[in-house]
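Step one of this worksheet: look at the structure below.
Values reported hereafter were calculated over all heavy atoms of this structure, with side chains retained and with hydrogens, waters and symmetry mates removed. Since the structure is predicted, the reported quantities are computational estimates derived from the model, not experimental observations.
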Amino acid sequence: MTRTFSTDPRRDGYRMPGEFEPHDGCWMLWPERPDNWRLGGKPAQQAFVAVATAISASEPVSVGVSAGQFANARRLLPASVRVVEISSNDAWMRDVGPTFVVDDRGGVRGVDWQFNAWGGLDGGLYFPWEKDDAVAQKVLEIEGRDRYRAPFVLEGGAIHVDGQGTLITTEECLLNRNRNPHLTRNDIERLLQRYLGVEVVLWLGRGVYRDETDGHVDNLCAYVRPGEVVLTWTDDPRDPQYEISRDACERLMQARDARGRRFKVHKLIQPGPLRMTKSEAEGVDSAEGTAPREAGARLAGSYVNFYIGTRRVVVPLLDAKRDGPALRKISSLFPGREVVGVPGREILLGGGNIHCITQQVPSGRRRARRAEPAR
C-alpha cells in the first residue's frame, strides 16, 4: 500500500539521486492526442517504440497507455516492455510523473509535483490537464512506493541534480509568473531543498531558444557526473541561442557546487537550427485551448535531451550533419556506457525529446555502481 507523507523528503533522510546512478526501471507514456502529434500520433508512436526498445536493453521499461490505445501499444512495443493502462492528457512522463528520491538504507519514495501544463491559463500548452496531474500518484501506486505531494508547481524537466547536494535550473522556468506567482526565489530554493534533499540551487538564465516549456534545463544543460555538465552550444553569433548558452556557461564557470567544486563544462553543438515543415504542421489537428503548430516555426532541438540509463545513454538523432559528432562527443563523456542514437524529430515536433518522455526509477542502492570520477 502506498502511503502519502505529510513531512518532506529531506526531513525523512531522502535525496534525489543523479540520473547516472543505477536504476530499477524507466517509465514512459504513450502519445496519441492529434492536436499535438501529427497524423493522429502514428509517427510519434513509432519514435516512442524506438526509445522504449533502446532503453529496455539497459533496464526494465513501463509504458502508460490509455484504454483506447492499449491494444495498439501492446502490439507495437516489444514483449519485454510492460504496458499499463493509465489515462493522461499527453505523453510527457518527465514532467507529469513522480520524481523519485532515495535514502541511504535503500528506500525509494516519490515526489508528486503539482502540474499545470507548463503555465496553466497563462501561457500553458493545453487545457484541461487533470489527468496528467494524477499520473504521478498512479505510477507510485503501481511501483508500490510511498508518496510526497509537493505544495507547488514543478515539472521534472525543470531540474537536474548531481545526487550530492546540487541542483541546476533556469530562472526562465521556475521564476515564471505562470508557475508559482506567490513564491519568491528564496521560497522556491527552500522548497527544492526540502523536497529534493539538495543544498545548493544554481540558477541559469534562459533555456533553449523557443522551448515552449519556458526554458526547461534538461534541454539546455545536463549532469554527466558530479562536477561535470554538458551544455548545448552554438558558435554562430547571429543565432539567438548564442547569448543564451554563453550566459549559462559563464554562470556555471563562476559557480561552485555543494561540495565546493568548480564545474567542468562540455560544449555540445546544437542541431540545425531546425524548423517545422508545412506538411508537418498541417498534420496536426487544431483544437481550442491547445498551442498551435505552425510551418516555419523554429524547433527547440538539442542533443542534451538524452536519457542516461544504467548501461546505455539514449540520444536523439536530429540532424544528419551533426548527429555523428554529437554521438562521439557524448560517448567520450560516458566511457562506461553504450551510447545509442534514436531518431528524435517526431518527438521534437511534439515539443520535447527523449529526456522529456522518460522518468527513471532509481534502485536506491547508493553504491551499487560508482559514478565515473570527474576528470
- Honestly, is Arg185 close enough over Trp203, meaning NZ or CZ under 6.0 Å from the six-membered ring centre and within 45° of the axis?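 That pair qualifies as a cation-pi contact.
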- Task: Determine the minimum heavy-atom distance between Phe100 and Leu140, stating which atoms define it.
- Result: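 Heavy atoms of Phe100 and Leu140 come nearest at CE2-CD2, 3.5 Å.
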- Message: Minimum heavy-atom separation for Glu85 and Ala67, please, with both atom names.
- Response: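 The pair with the smallest heavy-atom distance is OE2-CB, 3.4 Å.
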- Task: Return the orientation label for the Trp118 and Tyr126 ring planes: parallel under 30°, perpendicular over 60°, tilted otherwise.
- Result: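 Because their plane-to-plane angle is over 60°, the rings of Trp118 and Tyr126 count as perpendicular.
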- Query: Should the pair Tyr223 and Phe263 be assigned to parallel (<30°), tilted (30 to 60°) or perpendicular (>60°) ring geometry?
  - Reply: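 Rings of Tyr223 and Phe263: tilted, 30 to 60°.
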Please determine whether a side-chain nitrogen of the Lys or Arg among [X] and [Y] lies less than 4.0 Å from a carboxylate oxygen of the Asp or Glu.
X	Y	value
Asp257	Arg259	no
Arg109	Asp103	no
Glu143	Arg82	yes
Glu19	Arg225	no
Arg293	Glu212	yes
Arg298	Asp211	no
Arg194	Asp12	no
Arg246	Glu250	no
Arg312	Glu338	yes
Arg15	Glu199	no
Asp133	Arg149	yes
Asp247	Arg206	no
Lys321	Asp319	no

- Residues Gln360, Arg94; criterion side-chain hydrogen bond (donor to acceptor under 3.5 Å, both in side chains); working and verdict: CA-CA 9 Å; Gln360 69 274 7; Arg94 177 67 52 178; 2.9 Å; yes
Establish, yes or no, whether a centroid distance under 6.0 Å links the rings of [X] and [Y].
X	Y	result
His23	Tyr307	yes
Phe48	Trp37	yes
Trp27	Trp92	no
His160	His216	no

- Just one of Asn353, Thr232, Asn219 clears the side chain to side chain donor-acceptor pair (under 3.5 Å) bar with Asn305, so which one?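 Option passing the side chain to side chain donor-acceptor pair (under 3.5 Å) with Asn305: Asn219.
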- Query: Can you name the side chain to side chain contact (heavy atoms under 4.5 Å, CB included) partners of Arg11, sequence neighbours left out?
  - Reply: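 Side chain to side chain contact (heavy atoms under 4.5 Å, CB included) list for Arg11, sorted by chain: Thr7, Asp8.
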- Applying side-chain contact (heavy atoms from CB on, under 4.5 Å), run through Lys329 and His266 and close with a yes or a no. CA-CA 9 Å; Lys329 177 74 170 182; His266 303 276; 4.2 Å; yes
- Message: Let's go through Asn72 and Arg75 carefully: what are the C-alpha distance in whole Å and the side-chain angles of both, what is the deciding distance for side-chain hydrogen bond (donor to acceptor under 3.5 Å, both in side chains) to 0.1 Å, and is it a yes or a no?
- Response: CA-CA 5 Å; Asn72 181 47; Arg75 177 178 62 87; 3.0 Å; yes
Do any N or O atoms from the side chain of [X] and from the backbone of [Y] form a donor-acceptor pair under 3.5 angstrom?
X	Y	value
Ser88	Ala91	no
Asp323	Leu317	no
Asp187	Thr184	yes
Glu172	Gly207	yes

With rounding to the nearest 0.5 angstrom, report the [atom1] to [atom2] distance, [X] to [Y].
X	Y	atom1	atom2	result
Ser302	Asp218	OG	CG	8.5 Å
Ile168	Asp162	CD1	CG	7.5 Å
Lys264	Leu252	NZ	CG	14.5 Å
Leu348	Ile354	CG	CD1	11.0 Å
Met93	His355	CE	NE2	13.5 Å
Glu282	Glu280	CD	CD	11.0 Å

Any link between [X] and [Y] through a network of hydrophobic side chains (Ile, Leu, Val, Met, Phe, Trp, Tyr) touching at under 4.5 Å?
X	Y	answer
Met16	Val102	no
Leu76	Leu39	no
Val361	Trp30	yes

- Item | Greater than 12 external heavy atoms within 6.0 Å of Lys131's NZ |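 For Lys131, atom NZ is not crowded (no more than 12 foreign heavy atoms under 6.0 Å).
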- Yes or no on side-chain contact (heavy atoms from CB on, under 4.5 Å) for Trp233 and Cys249, after CA distance, side-chain angles and deciding distance? CA-CA 9 Å; Trp233 195 258; Cys249 188; 3.8 Å; yes
- Task: For side-chain hydrogen bond (donor to acceptor under 3.5 Å, both in side chains), just list the numbers for Thr4 and Arg147, CA-CA rounded to whole Å, side-chain angles, deciding distance to a tenth of an Å, and then say yes or no.
- Result: CA-CA 5 Å; Thr4 297; Arg147 167 180 177 258; 3.0 Å; yes
- Given the rule in the ring-ring contact (aromatic ring centres under 6.0 Å, His included) test, do Phe115 and Trp113 qualify, once you have shown the distances and angles that lead to the verdict? CA-CA 6 Å; Phe115 179 74; Trp113 311 105; over 10 Å; no
- Message: If the test is side-chain contact (heavy atoms from CB on, under 4.5 Å), which one of Val81, Leu77, Val83 qualifies with Val61?
- Response: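 Answer to the side-chain contact (heavy atoms from CB on, under 4.5 Å) test with Val61 among Val81, Leu77, Val83: Val81.
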- Sole candidate of Pro362, Ser58, Ser363, Cys26 that passes side-chain contact (heavy atoms from CB on, under 4.5 Å) when paired with Thr310: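 Checked Pro362, Ser58, Ser363, Cys26 against Thr310; only one passes side-chain contact (heavy atoms from CB on, under 4.5 Å): Ser58.
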- Task: Please lay out, stage by stage, how Val198 and Thr166 fare under the test side-chain contact (heavy atoms from CB on, under 4.5 Å).
- Result: CA-CA 6 Å; Val198 298; Thr166 309; over 6 Å; no
- Message: Could you check whether Glu155 and Thr213, counting side-chain N and O atoms only, form a donor-acceptor pair closer than 3.5 Å?
- Response: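 No, no side-chain donor-acceptor pair sits under 3.5 Å.
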- Task: Examine the side chains of Arg210 and Gln241 and answer whether a donor and an acceptor come within less than 3.5 Å of each other.
- Result: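 There is no such pair between these side chains.
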- Show the numbers, then the answer: is there a side-chain hydrogen bond (donor to acceptor under 3.5 Å, both in side chains) between Lys138 and Ser87? CA-CA 10 Å; Lys138 294 177 181 179; Ser87 59; 3.1 Å; yes
